[in-house]
J.: 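The structure under discussion is supplied below as structure tokens; questions concerning it will follow.
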Amino acid sequence: MLIETEVPLAPRTTLQLGGLARYFVGAKSEQDIADALEFARERALPVWVLGGGSNIVVPDAGLDGLVLALGTQGQRREDTPDGVRLAVDAGEKWDDFVRQTVELGLAGLECLSGIPGSVGATPIQNVGAYGQEVSDTLVAVRAFDREQRRFVEFTRDECEFGYRESRFKLREPGRYVVSRVSFELTRGVPAAPRYPELQRALGELPGPATARDLRHTVLQLRSRKSMLLDANDPNTRSCGSFFLNPVVTSQAADAVESRVGVNAMPRFPQRDGRVKLSAAWLIERSGFEKGFREGSVGISSRHALALVCHEGATSGELIALARRIQSEVLARTGVALTPEPLFW
Ligand SMILES: Cc1cc2nc3c(=O)[nH]c(=O)nc-3n(C[C@H](O)[C@H](O)[C@H](O)COP(=O)(O)OP(=O)(O)OC[C@H]3O[C@@H](n4cnc5c(N)ncnc54)[C@H](O)[C@@H]3O)c2cc1C
């Protein structure tokens, strides 16, 4: 295990922001994970676990502790009566894995195409898009428990998944380092997509949409919204959606609608009877248009939910803009927006 010091973190994040890590380990095995965490424990150093850096905001001052970057690679495959069980190491790139499953004719992850980052980060916020979430197909998570100092396994239920949340993010943040995630995927045609925008974009197909059709269409939709990493796109320095879509009771949604003074506020009914509101719509209604810019930071010209960095941006500026948006949205609509990325 190689322990580096004073390592720049900005190039390891999609926002390309933040200072240096005092200590940095790129783990290539579970032994490296355990050894790096022991190194930090002996010195009482705080630890931050890094995947692809696509959902974090690193402070300009850097981090006085250990950054443990997961670079573990590998997969185990087991056939099941209905499909395949795949156990994937945390450091594998998420979208490479999704592409591979689609090419193998497996269904279950196709709508999650194009999401940046690592496999190991997907259970942290129960990654989701276009009507699919990893919790739909995830069957187990293996992780290092920093309290018990050993590897442990979780079933799907034990992960306590919700909308962009899990026990790893909410109840016990920082306790577990995910080393492997297992999915059970089925062979053949996926379930028909539930997401209206995706249904419309698929148009008229001669038969049911295949996993390949869905991946292709999702990548097109994402590209139009600058929600794919593309070095040539001026909106590319983002962490995707900066705020969660608020989920509220229908009475609370009525109150927002009358406060904003419109009849057709977008609402998405949830299985539990509550309503999901569009954070992007609330942001635009509060005076922040797509393409808005303040200094070196701003809002994507293609999606009001993505905050973007331009040349010279700092984390401080980005956080100040996020706070301004939150307070304006609260004042105008009564809704408190919750940020999606983790502020390290
Ligand atoms: C253009 C763009 C589009 C996006 N679209 C979506 C989307 O559609 N849906 C969606 O859900 N997200 C989306 N995201 C957010 C992000 O890509 C996902 O949340 C992704 O899973 C983060 O993976 P990562 O490896 O980059 O995690 P990082 O940013 O490195 O880490 C995120 C958090 O997870 C923790 N973490 C990472 N790996 C581990 C591990 N192995 N064990 C324990 N903790 C860990 C980190 O400590 C950190 O707190 C998007 C981001 C971008 C830039």
Side-chain angles (χ1 to χ4, degrees), residues 9 12-18 27 30 33 36-37 46-58 63 65-72 88-98 109 111-135 141-146 151 154 159 161 163-170 172-181 195 198 218-219 221-223 225-231 233 235-245 300 302-303 305-309 339-344:
L9 294 172
R12 294 178 161 86
T13 72
T14 54
L15 283 165
Q16 297 171 37
L17 294 178
E30 286 195 341
I33 295 174
L37 292 171
V47 175
W48 292 270
V49 181
L50 178 67
S54 62
N55 214 20
I56 49 169
V57 183
V58 177
L63 297 166
L66 171 75
V67 171
L68 173 58
L70 288 221
T72 49
V88 191
D89 286 353
E92 295 260 354
K93 269 196 181 164
W94 174 252
D95 194 49
D96 289 352
F97 171 56
V98 174
L109 299 176
C111 296
L112 303 175
S113 293
I115 298 177
S118 60
V119 167
T122 58
I124 308 299
Q125 70 157 7
N126 184 18
V127 156
Y130 297 101
Q132 243 172 28
E133 293 181 324
V134 287
S135 57
V141 168
R142 180 173 160 84
F144 189 86
D145 179 349
R146 293 176 61 204
F151 282 92
F154 296 99
C159 294
F161 288 123
Y163 165 61
R164 296 299 170 274
E165 63 185 42
S166 70
R167 76 184 288 165
F168 312 112
K169 184 172 178 184
L170 273 193
E172 298 171 297
R175 175 165 173 180
Y176 300 102
V177 178
V178 174
S179 66
R180 190 181 300 156
V181 189
Y195 201 81
L198 181 54
V218 164
L219 290 177
L221 288 172
R222 284 187 158 276
S223 165
K225 295 183 201 168
S226 293
M227 283 289 177
L228 277 183
L229 290 184
D230 172 0
D233 181 344
N235 295 309
T236 202
R237 282 178 66 187
S238 86
C239 53
S241 303
F242 205 90
F243 298 102
L244 298 173
N245 289 315
S300 163
R302 289 179 170 166
H303 201 319
L305 204 43
L307 302 196
V308 293
C309 294
E340 185 185 301
L342 280 295
F343 294 89
W344 278 11

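For ligands, and for the atoms within them, numbers begin at 1 and follow the listed sequence. Just so you know, residue 1 is the first one in the sequence shown, and it goes up from there.
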J.: Kindly confirm or rule out an N or O of A90 lying under 3.5 angstrom from an N or O of ligand 1.
T.: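 Between A90 and ligand 1, no N or O pair is found under 3.5 Å apart.
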J.: If we only count N/O pairs under 3.5 Å, is S54 in contact with ligand 1?
T.: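 Right, the criterion is met.
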J.: Are the side chain of R222 and the backbone of S113 linked by a donor-acceptor contact shorter than 3.5 Å?
T.: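 Yes, the answer is positive, given that a donor and an acceptor are paired below the 3.5 Å cut-off.
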J.: Please say which of T14, L307, L17 ends up in a side chain to side chain contact (heavy atoms under 4.5 Å, CB included) with R237.
T.: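 When T14, L307, L17 are each tested with R237, the side chain to side chain contact (heavy atoms under 4.5 Å, CB included) holds only for L17.
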J.: Please say whether G51 places an N or O atom under 3.5 Å from an N or O atom belonging to ligand 1.
T.: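 Looking only at distances, the answer is yes, because the N/O contact criterion of under 3.5 Å is met.
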J.: At less than 4.0 angstrom from any non-hydrogen atom of V177, what atoms of ligand 1 do you find?
T.: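 By the 4.0 Å cutoff, the relevant atoms are 42 (N), 43 (C).
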J.: Under 3.5 Å, N or O to N or O, is V178 touching ligand 1 that way?
T.: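 Between V178 and ligand 1 (N or O atoms, distance only) the closest approach is under 3.5 Å.
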J.: Nearest protein heavy atom to atom 27 (O) of ligand 1, by residue and atom, and its distance?
T.: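 For atom 27 (O) of ligand 1, the nearest protein heavy atom is A121 CB, 3.4 Å.
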J.: Counting both backbone and side chain atoms, is some N or O of S118 under 3.5 Å from an N or O of ligand 1?
T.: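 By distance alone, the answer is yes.
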J.: Does Q125, backbone or side chain, put an N or O under 3.5 Å from an N or O of ligand 1?
T.: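 N/O-N/O distance below 3.5 Å exists for this pair.
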J.: Quick check on contacts: which atoms of ligand 1 are under 4.0 angstrom from a heavy atom of L342?
T.: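 So the atoms of ligand 1 that pass are 49 (O).
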J.: What is the closest protein heavy atom to atom 44 (N) of ligand 1, and at what distance does it sit?
T.: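 Of every protein heavy atom, I124 CD1, 3.4 Å lies nearest to atom 44 (N) of ligand 1.
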J.: Just to verify, which of T122, N126, V127 counts as forming a side chain to side chain contact (heavy atoms under 4.5 Å, CB included) with E133?
T.: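 That would be N126; it is the only one of T122, N126, V127 passing the side chain to side chain contact (heavy atoms under 4.5 Å, CB included) with E133.
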J.: Quick one: does L229 get an N or O within less than 3.5 Å of an N or O on ligand 1?
T.: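 N/O-N/O distance below 3.5 Å does not exist for this pair.
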J.: Is there at least one pair of N or O atoms, one from T122 and one from ligand 1, spaced under 3.5 Å apart?
T.: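 Checking ligand 1 against T122, no N or O pair falls under 3.5 Å apart.
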J.: Identify, for atom 39 (C) of ligand 1, the protein heavy atom at the shortest distance, and state residue, atom and that distance.
T.: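 It is V49 CG1, 3.7 Å.
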J.: Is the closest heavy-atom distance from R222 to ligand 1 below 4.0 Å?
T.: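 It does; at least one heavy atom falls under 4.0 Å.
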J.: Please confirm whether Y176 approaches ligand 1 to less than 4.0 Å, judged on its heavy atoms.
T.: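 Y176: in contact with ligand 1 (<4.0 Å).
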J.: Applying a strict 4.0 Å limit to heavy atoms, is F168 in contact with ligand 1?
T.: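 Distance cut 4.0 Å: F168 fails for ligand 1.
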J.: Taking atom 4 (C) of ligand 1 as the point of reference, which of P116, S300, C111 owns the nearest heavy atom?
T.: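 Considering heavy atoms of P116, S300, C111, the nearest to atom 4 (C) of ligand 1 sits in P116.
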J.: N/O of L228 under 3.5 Å from N/O of ligand 1, yes or no?
T.: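 There is no such contact.
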J.: Give the residue, atom name and distance (to 0.1 Å) of the protein heavy atom nearest atom 52 (C) of ligand 1.
T.: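 It is G240 N, 3.3 Å.
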J.: Among all protein heavy atoms, pick out the one at the shortest distance from atom 13 (C) of ligand 1; state its residue, atom name and that distance to 0.1 Å.
T.: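 In this structure, atom 13 (C) of ligand 1 has I115 CG2, 3.8 Å as its nearest protein heavy atom.
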J.: Are more than 12 heavy atoms from other residues, nucleotides or ligands located less than 6.0 Å from atom NZ of K93?
T.: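 At most 12 heavy atoms, drawn from other residues, nucleotides or ligands, come within 6.0 Å of this atom.
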